[in-house]
Amino acid sequence: MTASSPSARSSARRLVFRLLAATVVPATLLMALEGTLRLAGVGDPTGFLIPTKRDGQSVLIDNDAFSWRFFPRHLERSSGPFALVTPKPERHQRVVLLGGSAARGSPEHTFGVARVLQVLLEDESPNGVEVINAAMTAINSHVVRDILVDSLAVQPDALVIYLGNNEVVGPFGAGTVFTEQVPSLSTIRRRLWLKTTRLGQLFEQWLTKPTGSSSGWEGMKMFLDQQVPADHPAMETVYAHFEANLRAMTEQAQDAGVPVLLCTVATNLRDCPPFASRHDSTLSPDQLAEAKEHRERAAEFKTRGEFDQALAAYEAAVDIDRAHAETWYRLAQLQSQLGKNSEARVAYETARDEDTLRFRADRRINEVIRTVAASSPGVELVDAEQAFQNAAPQGIPGVEHFWEHVHLTFEGNELLAQTILPQLLAALDGSSSGLHQSSTPATGTTEEDCAQALGYNSWSRYRLTEKVYRSILRDAPFTLQIDQEERLAEGERQLAQLKASGAETVRATEESFLRAIQKRPRDPWLHYHYSEFLRSVKRDFEGCLEHLQVLQTAFPDYALAHSKAGLAFDKLDRHEDAIACFERALEIDPDSADDWSYLGQTYGRAGDNDRAVEFYQRALEHNPAHGGVLNNLGLAYGNLGHSDLAVDSFRRAIEAAPDLWDAHFNLGRQFAESDQPDAAIETIRNLTKQRPDLAGAHAELGQLLASQNRYKAAAKSFREASLREPNNTSYQYNLGAALAMSAQATEAQAVLEQLGSRDQERAERLQNLLKQIQEAQAPKD
């Protein structure tokens, strides 16, 4: 063998040095720069959990900056709050719940499945158990994959995954607004890793050009332009990413020795029409016209009660245009009406799957979940989809368990928890800390027991029902759904029922809270709900603050706890304390338009309207279309005498939030104060047409008409107000006065007789008015 020459060896050494210079040296420099940036405090930690100290104990808390890797900063999402002692106490057990907003428990996470599971497990655990709600709104498997890895630090005894609704609209999905749509999985993982580094964060900030004011979180209506048909090529990538992420998650859990409960996803089929439909793109104009003709004939047949003919016409329509979601939904409704429940369920599922605004997990998503569960060691399938079918009328899930498309009512959360519970108990029995000495069955904790333990009473139900039907469902994309007026009318009927016959008395509600707190005195969310009851119903602001203190102590970095305390201090006219609370909340979350607005309100109540305007404008920097802030800004301008600016602000508030009735009131009042009575009357009259149930609107219109000496018309408005609030003696007095001034003395006397037994002071005033009018009309000698 011939020895290598000195020149060859020299060339080899030069090549090695060049390679080192090209790779190792830059890598070393980058590592040194990364370390320097971290030491200098540049950038943010992006893990799901942050270690800190509380009362001398090491704890892990939730990290809001985690979501910045997946969302623009002004749209950050959060989970928690929670504070978890580390290391985990001996024989103490932890369950981590992972998923999106349905798993989190929207629209009120404190009544979600994690909280119900907590109650169900507490009686089973001799050594303590925690159910950690690590779910987050608008996230999908790309996000949950990283949450799961970080969650292993809390030493969970089991992981529960309820996930799949947001695979299309969440980060990196085919219909997302947060990130690039469907890049390769390797590209996604590299980008997410880069954002964990301080260098990556600096680079991103350098690349991201300021765009001025950014609207804040606008919910589902942000996705209106992101329609994705079922046959879109990107959907195959979505399903592949979902499966790959689920497999990565189950493998990580298996490596850590943590059992996984992987749940299929239930959706509202019966009472959630498609958000958007499209026609089959391969059809000719003649075929589209034929399908349309069948749909129109079906609607006519159904109107005439000729249901068999209507059914045949809808079937003919879907045979031609199989992609049209709304037609499938109409067909399903009719099949269900005719008792064809199996066929109806298939048609409802097809309507969901063909919906081009893809906010619900479809068949393929649940197929992926079942496939991964069946082929992954240490993973148990929890078939929630089947459980909800079994519990629903005709086997088709609807409003008995869902608020709208996917979010669960309390009954729905309780059903999901009870579905998870048996397999969760089995998983915990096998964990190192051992839930039971033996595999004893779960106790018979009922839905009523859970509701009582969590402070879910008829007052809570009313508040949630009102939020859903008067806020969420009155916004896009729900406004695009067919039969929407009927659903809203049903919501109003439910609210009236709760208010009139089903609602507990104030005393009974308070007693239910106190019983729950007595049994679970350390539960901060019980104290939170009781504080809200004391603030909004009893107007007991001192008591409200006392119970909010429990929440603030449990979660000192939770902005909402400080905001709520600020609102209570503000009502007590303790403005300095209120300002301190709002400033603390803004230290935690400086992008909160609400807290900037609350700060402005407090300065306004303290008489400093210039500062109020300043802070309202700060709020609008974070959310330019915040109707409430614009309304408050209008009030501040009005107090400063800037009538034109006030009117402009109220109009912008109404444009941003047409259902913000206070803005309509305030616009009308501003016109009145600006000596524009006709504009004031027109504004409030329009409000009474939009919301005829608002007694205050009719009363305001009456006052405006009376100020113009239009007493007959004013009396009509006051009568409308009195009909809606018959116990309001102010409305009755104004009705009697308007009747008297419009020479309707007999009717005015009848009002006086009714008023006399209920409000003596106003009755005397009305009697004196009638007497004065009679004397003025008496003939002179």
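FYI, the numbering just counts along the sequence from 1.
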Determine, using ring centers only, whether [Y] and [X] are less than 6.0 Å apart.
{"X": "Phe533", "Y": "Trp459", "result": "yes"}
{"X": "Phe478", "Y": "His405", "result": "yes"}
{"X": "Tyr598", "Y": "Tyr603", "result": "no"}
{"X": "Phe275", "Y": "Phe359", "result": "yes"}
{"X": "Tyr558", "Y": "Trp525", "result": "yes"}

Do you know the tightest heavy-atom contact between [X] and [Y]?
{"X": "Ser722", "Y": "Leu735", "answer": "OG-CD2, 4.3 Å"}
{"X": "Ala593", "Y": "Ala619", "answer": "O-CB, 3.4 Å"}
{"X": "Val169", "Y": "Arg358", "answer": "CG1-O, 3.7 Å"}
{"X": "Leu704", "Y": "Ala680", "answer": "CD1-O, 3.7 Å"}
{"X": "Leu464", "Y": "Phe111", "answer": "CD1-CD1, 4.0 Å"}
{"X": "Lys221", "Y": "Glu218", "answer": "CG-O, 3.2 Å"}

Check this for me: does any side-chain nitrogen of one of [X] and [Y] sit under 4.0 Å from a carboxylate oxygen of the other?
{"X": "Arg584", "Y": "Glu587", "answer": "yes"}
{"X": "Glu492", "Y": "Arg474", "answer": "yes"}
{"X": "Arg470", "Y": "Asp659", "answer": "no"}
{"X": "Glu490", "Y": "Arg493", "answer": "yes"}
{"X": "Asp271", "Y": "Arg487", "answer": "no"}
{"X": "Arg669", "Y": "Glu700", "answer": "yes"}
{"X": "Arg73", "Y": "Asp44", "answer": "yes"}

Any donor and acceptor pair, going by atom type alone, linking the side chain of [X] with main-chain N or O of [Y] inside 3.5 Å?
{"X": "Asp608", "Y": "Gly604", "answer": "no"}
{"X": "Ser460", "Y": "Gly455", "answer": "yes"}
{"X": "Asn631", "Y": "Gly627", "answer": "no"}
{"X": "Ser742", "Y": "Ala738", "answer": "yes"}
{"X": "Glu486", "Y": "Ala489", "answer": "no"}
{"X": "Gln481", "Y": "Pro273", "answer": "yes"}
{"X": "Ser471", "Y": "Val468", "answer": "no"}
{"X": "Asn63", "Y": "Ile50", "answer": "no"}

Pair [X]-[Y], side-chain donor/acceptor within less than 3.5 Å:
{"X": "Gln226", "Y": "Gln181", "value": "yes"}
{"X": "Ser592", "Y": "Asp595", "value": "yes"}
{"X": "Thr110", "Y": "His529", "value": "yes"}
{"X": "Asn727", "Y": "Arg758", "value": "yes"}
{"X": "Asn686", "Y": "Thr683", "value": "no"}
{"X": "Thr509", "Y": "Asn457", "value": "no"}
{"X": "Ser674", "Y": "Ser643", "value": "yes"}

Quick one: does [X]'s side chain get under 4.5 Å of [Y]'s, heavy atoms only?
{"X": "Leu739", "Y": "Arg719", "answer": "yes"}
{"X": "Arg461", "Y": "Tyr456", "answer": "yes"}
{"X": "Phe66", "Y": "Thr46", "answer": "no"}
{"X": "Phe555", "Y": "Ile61", "answer": "no"}
{"X": "Leu567", "Y": "Phe541", "answer": "no"}
{"X": "Asn623", "Y": "Val629", "answer": "no"}

*Would Arg77 count as a cation-pi partner of Trp217, with NZ or CZ less than 6.0 Å from the six-membered ring centre and within 45° of the ring normal?*
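Arg77 over Trp217 ring: yes.
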*asked:* Both conditions, 6.0 Å and 45 degrees, for the charged tip of Arg574 above the ring of Phe569: are they met here?
replied: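 No, cation not above the ring by the 6.0 Å, 45° rule.
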_Listed partners of Thr356 passing side chain to side chain donor-acceptor pair (under 3.5 Å), at least two apart_ =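 With sequence neighbours excluded, Thr356 shows a side chain to side chain donor-acceptor pair (under 3.5 Å) to Gln227, given in chain and number order.
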_Please determine whether salt bridge (Lys or Arg N to Asp or Glu O under 4.0 Å) holds for the pair Asp570 and Arg605, giving the CA-CA distance in whole Å, both sets of side-chain angles, and the decisive distance to 0.1 Å._
CA-CA 8 Å; Asp570 188 43; Arg605 281 170 57 84; 3.1 Å; yes
*Between Thr553 and Gln549, is a side chain to side chain donor-acceptor pair (under 3.5 Å) present by the stated rule, with each step listed?*
CA-CA 6 Å; Thr553 301; Gln549 184 62 45; 3.3 Å; yes
*Checking side chain to side chain contact (heavy atoms under 4.5 Å, CB included) against His664, which of Leu694, Leu687, Ile684 comes through?*
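Checked Leu694, Leu687, Ile684 against His664; only one passes side chain to side chain contact (heavy atoms under 4.5 Å, CB included): Leu687.
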*For residues 530-542, pull every pair meeting side chain to side chain donor-acceptor pair (under 3.5 Å), keeping only residues two or more places apart or in separate chains.*
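Listed once each, the pairs are Arg463-Glu532, Glu510-Tyr530, Glu510-Lys538, Glu532-Arg535, Glu532-Lys564.
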How long is the gap from [atom1] on [X] to [atom2] on [Y], to the nearest 0.5 Å?
{"X": "Arg652", "Y": "Glu655", "atom1": "CZ", "atom2": "CD", "answer": "9.0 Å"}
{"X": "Leu526", "Y": "Phe513", "atom1": "CG", "atom2": "CZ", "answer": "8.0 Å"}
{"X": "Arg611", "Y": "Ile579", "atom1": "CZ", "atom2": "CD1", "answer": "7.5 Å"}

Any chance [atom1] of [X] has more than 12 other-residue heavy atoms, nucleotides or ligands included, within less than 6.0 Å?
{"X": "Gln708", "atom1": "CD", "result": "yes"}
{"X": "Lys716", "atom1": "NZ", "result": "no"}
{"X": "Asp644", "atom1": "CG", "result": "no"}
{"X": "Glu761", "atom1": "CD", "result": "no"}

*asked:* Determine whether Leu635 and Asn666 satisfy the following criterion, side-chain contact (heavy atoms from CB on, under 4.5 Å), listing intermediate values before the conclusion.
replied: CA-CA 8 Å; Leu635 291 172; Asn666 292 330; 3.7 Å; yes
_Glu614 vs Arg618, test: salt bridge (Lys or Arg N to Asp or Glu O under 4.0 Å). Steps then yes/no._
CA-CA 6 Å; Glu614 174 190 343; Arg618 289 289 300 273; 5.4 Å; no
*Any pair with a residue in residues 703-737 that passes ring pair (Phe, Tyr, Trp, His ring centres under 6.0 Å), sequence neighbours left out, goes on the list, sorted by first then second residue, please.*
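Every pair satisfying ring pair (Phe, Tyr, Trp, His ring centres under 6.0 Å) with a residue in residues 703-737: there are none.
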_Checking Ser79 against Asp62 for the side chain to side chain donor-acceptor pair (under 3.5 Å) test, could you report, in this order, the C-alpha distance in whole Å, the side-chain angles of both residues, the deciding distance, and whether it holds?_
CA-CA 7 Å; Ser79 63; Asp62 50 297; 5.4 Å; no
